[in-house]
There are 2 protein chains.
Amino acid sequence: MAHSGERSWGVYVTDVVTLKDVAAAAGVHVSTASRALNPETRSVVNVNTAGRVLEVAERLGYRPHPLARGLRTNRTLTVGMVVPDLMNPLFPPIYAGADAVLGDLGYSVLVSSDDDDSAKARSVIVALLERRVDGLILASAHCDFVIPTRQRKVPTVLVNRSSASNEFPAIVGDDHAGIALVVRHLISLGHTDIAHVAGSQDLSTGLARRQAFVESMNRDGLDANPELTVEAGAFRTEEGRAACDHLLDSGEDFTAIVAANDLIALGCYDALAHRGISVPGDVSVTGYNDMTFVDRVAPPLTTVAVPYQEMGGAAARQLLDLLAGEVGVGPPYPPMRLAPELVVRESTAPPPAS
Amino acid sequence: MAHSGERSWGVYVTDVVTLKDVAAAAGVHVSTASRALNPETRSVVNVNTAGRVLEVAERLGYRPHPLARGLRTNRTLTVGMVVPDLMNPLFPPIYAGADAVLGDLGYSVLVSSDDDDSAKARSVIVALLERRVDGLILASAHCDFVIPTRQRKVPTVLVNRSSASNEFPAIVGDDHAGIALVVRHLISLGHTDIAHVAGSQDLSTGLARRQAFVESMNRDGLDANPELTVEAGAFRTEEGRAACDHLLDSGEDFTAIVAANDLIALGCYDALAHRGISVPGDVSVTGYNDMTFVDRVAPPLTTVAVPYQEMGGAAARQLLDLLAGEVGVGPPYPPMRLAPELVVRESTAPPPAS
DNA sequence: TGGTAATCTGCGAACGATTGTAGATCCAAG
DNA sequence: CTTGGATCTACAATCGTTCGCAGATTACCA
């Protein structure tokens with residue numbers, strides 16, 4: 001086994017050194033070596049032999065074979081993560097946050113994209129389960145119908161979305177707080193006729209932000225005019241532009257737009273610019289998410305920064321709790337909401353004097 | 001083993017059905033079942049029994065256990081990918097491209113970031129190797145010194161970078177062609193005094209683009225004035241701004257800047273704007289990479305689009321060749337260069353009439 | 001009918017770890 | 001001197017596959 005070594009970094013690196021090699025070199029049985037190496041069971045072996053095994057293992061550069069170990073223990077030290085699209089800049093931070101905390105504990109994260117497609121979501125989840133991941137982090141929207149199946153056995157947490165039933169722990173941004181921030185900001189600038197370009201109402205974020213918008217308006221004493229809320233079919237620039245066009249065609253008066261996310265806000269920029277309406281001179285616009293570069297568009301966008309990386313980290317910690325068998329509370333799990341932050345730039349200003 | 005099933009999707013899904021279960025249900029030995037299930041060895045078993053096994057496996061929903069299989073075959077159907085930083089929008093497309101082609105063949109991709117840190121690069125590569133990945137795709141810059149070690153045994157391909165020795169297959173963007181595109185574009189607009197804000201010369205892309213710049217200039221009959229080339233310490237906006245400031249302080253005349261990437265170009269925007277120099281009225285600026293949203297900054301940036309997704313795909317295919325044991329050529333591997341594309345926007349215009 | 005080849009299937013040993021159980025050793029107390 | 005308990009270690013089964021090998025069955029030809 002351990003032969004044909006090659007000198008490097010000052011240690012003798014062999015092709016692959018197994019527990020058997022360590023045991024032989026230490027003059028003990030492999031089971032003893034195993035116990036000595038495992039901190040959990042180390043106490044059961046004589047302190048001298050344990051030390052010897054440890055030292056030999058170190059010297060030979062022994063690394064346990066993850067497949068062999070996993071086969072026996074039925075754990076892979078791998079967690080699966082499903083996102084709609086890794087190329088969407090929202091998700092890399094979530095991944096990075098999760099990977100950072102999981103990596104420290106020896107877990108690896110397997111990411112898969114489902115391209116916002118239910119069928120693909122199902123297939124990637126199945127693929128992940130077949131790989132025997134220890135847990136699942138779902139940032140994807142389309143997966144409700146898979147959840148009730150096999151996976152009921154696999155610890156799962158949701159991130160950036162929640163399920164209506166609260167069947168799984170979920171880490172989400174506090175959309176109510178975030179929308180309240182921009183609404184207050186606009187009100188404090190003097191706006192009263194504020195429009196909302198909502199995102200897809202099929203997605204929990206789209207829904208929540210819309211609700212948050214009317215509640216914020218009402219709470220602050222301005223009745224939200226239903227005519228001033230339009231829905232963009234998706235969280236994309238083109239849809240935002242189209243929705244904003246509808247709004248403008250409606251003839252209703254408004255001096256500010258709260259967009260459901262940054263892309264929709266940029267769509268509003270386009271629609272307004274096309275009609276010669278200036279931002280923020282004539283109407284103020286706010287976004288949501290603080291995507292990269294929205295500080296460099298013209299005008300720099302006032303928006304809400306969501307702590308995606310922290311969300312990923314929190315989701316990972318939550319999953320680790322589940323993995324550790326914290327049978328504590330069990331469902332239903334109230335979603336954990338992380339506080340967002342208002343980022344004021346140049347797309348908002350007091351309304352024009354009429 | 002196969003018990004406590006639960007009805008769903010119309011099939012009987014059991015917790016975990018093993019080859020033994022299939023064999024028992026089909027009335028054959030597990031080795032026969034194994035052979036029947038494996039297309040490679042199927043021919044050796046009677047066509048009827050094979051059919052029966054297949055049918056039973058299908059009915060029971062048998063899925064081979066990847067750890068058990070991998071333990072035996074010494075393959076994990078997993079490849080590792082190292083990137084500097086997944087939050088850098090360059091890399092998700094590379095990942096997506098690679099994942100798409102590898103996923104089709106049953107491989108999973110494990111991504112790791114090294115945060116542009118040599119020590120971390122080394123540790124993530126070691127971690128990947130300990131996980132027994134079948135191959136490695138390195139998009140990271142800092143890994144030369146790890147390469148000569150253990151990993152010599154693990155098929156490896158480089159992407160978005162090359163190694164001086166051509167020791168590994170590499171898929172890179174054709175920086176020479178890309179820079180030539182922008183230089184020609186500027187020349188065709190009438191520019192003759194063209195500056196270059198280079199990126200870090202420690203990175204192969206920074207070096208290549210700089211060389212390409214002087215060669216393009218020379219080939220087109222304009223001597224590249226060495227005074228008109230400055231170096232940004234890193235591929236970042238602030239460094240680009242600082243370098244551009246140096247350029248402006250030097251007092252040399254120029255009417256166009258070729259920046260080594262989009263971020264540096266944006267830094268140039270800042271430096272120029274700060275001195276009241278208009279883009280493209282007074283000086284034209286070009287970027288490189290066509291990052292998301294550079295079409296929305298002011299003014300929209302003329303740049304070079306690099307086919308990162310295709311690069312990822314090509315890297316994956318190259319790796320598959322290695323994995324298949326195509327002992328064909330062997331090192332040295334001349335890098336494969338993918339053609340970029342010029343994207344003309346509004347940051348370039350004819351030079352001001354003097 | 002006997003012998004041999006061709007075709008199929010079963011047996012069992014790996015792969016590299018973990019872990020329940022039994023046996024060995026040693027010391028102290030009766 | 002024996003016995004009981006502590007303490008440590010070895011044995012062997014197991015996880016779910018793959019695969020070399022040998023045995024069994026059938027077929028074919030002399």
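Here is the naming used below: chain letters follow the sequence lines, and residue numbers restart at 1 for every chain.
Heavy atoms of A/His65 sit under 4.0 angstrom from primed sugar atoms or phosphate atoms, though from no base atom. Using a 4.0 Å heavy-atom distance criterion, B/Thr49 is classed as a sugar-phosphate-only contact. A/Thr73 comes within contact range of the sugar-phosphate backbone alone, with a heavy-atom separation under 4.0 Å but no base atom that close.
In this structure, CG of B/Asn74 is placed 12 Å from P of C/dA17, rounded to the nearest angstrom. To the nearest angstrom, P of D/dT7 lies 15 Å from CG of A/Asn48. One can place CZ of B/Arg131 at 16 Å from C1' of C/dG16, the figure rounded to the nearest angstrom. In this entry the distance linking NZ of A/Lys20 with C1' of C/dT18 reads 15 Å, nearest Å. The distance from atom CZ of B/Arg42 to atom P of C/dT7 is 19 Å, rounded to the nearest whole Å. When rounded to the nearest whole Å, the span between CG of B/Leu19 and C1' of D/dC15 equals 13 Å. If you take CG of A/Leu37 and C1' of C/dT18, they are 12 Å apart, rounded to a whole angstrom.
Using five terminal pairs a side, the axes of the helix from C/dT1-D/dA30 to C/dG30-D/dC1 at its two ends make an angle of 70°, given in steps of 10 degrees.
Once rounded to the nearest 0.5 Å, the distance linking CG of A/Leu71 with CZ of B/Arg69 reads 13.0 Å.
Using a 3.5 Å distance cut-off with no hydrogens or angles, the side chains of B/Ser140 and B/Asp114 do pair a donor with an acceptor. Side-chain contact, A/Ser108 with B/Arg131: a donor N or O sits under 3.5 Å from an acceptor N or O.
The shortest distance between the side-chain N/O atoms of A/Arg69 and the OP1/OP2 oxygens of C/dT18 is below 4.0 Å. Proximity of B/Ser34 to the phosphate of D/dT17: no side-chain N or O atom is located under 4.0 Å from OP1 or OP2. For A/Tyr62, no side-chain nitrogen or oxygen approaches OP1 or OP2 of C/dG16 to under 4.0 Å. For B/Thr32, a side-chain nitrogen or oxygen approaches OP1 or OP2 of C/dG10 to under 4.0 Å. The shortest distance between the side-chain N/O atoms of A/His29 and the OP1/OP2 oxygens of D/dC11 is below 4.0 Å.
Taking each heavy atom of B/Arg42 and B/Ala36 in turn, the nearest pair found is NE-O, 2.7 Å.
Heavy-atom neighbours of B/Glu58 CD from other residues, nucleotides or ligands within 6.0 Å: at or below the threshold of 12.
Position along DNA chain D of the nearest nucleotide to A/Asn46 versus A/Val30 favours A/Asn46 as the more 5'-ward residue. Of the two residues contacting DNA chain C, namely B/Val28 and A/Pro64, the nearest-nucleotide position lying further toward the 5' end is that of B/Val28. DNA chain C is contacted by both B/Leu71 and B/Val44; B/Val44 maps to the nucleotide lying nearer its 5′ end (nearest heavy atom per residue). With DNA chain D read from its 5' end, the first of the two nearest nucleotides for B/Asn38 and B/Leu67 is the one closest to B/Leu67.
No donor-acceptor pair closer than 3.5 Å links the side chain of A/Arg52 to the backbone N or O of A/Ala50.
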Pair B/Met81, B/Leu138 - check side-chain contact (heavy atoms from CB on, under 4.5 Å), show working.
CA-CA 6 Å; B/Met81 176 159 170; B/Leu138 303 181; over 6 Å; no
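Contact annotation: side chain of B/Ser31 to base of C/dC11, donor-acceptor pair present below 3.5 Å.
Counting only heavy atoms from C-beta outward, the side chains of A/Tyr333 and A/Leu322 approach each other to under 4.5 Å.
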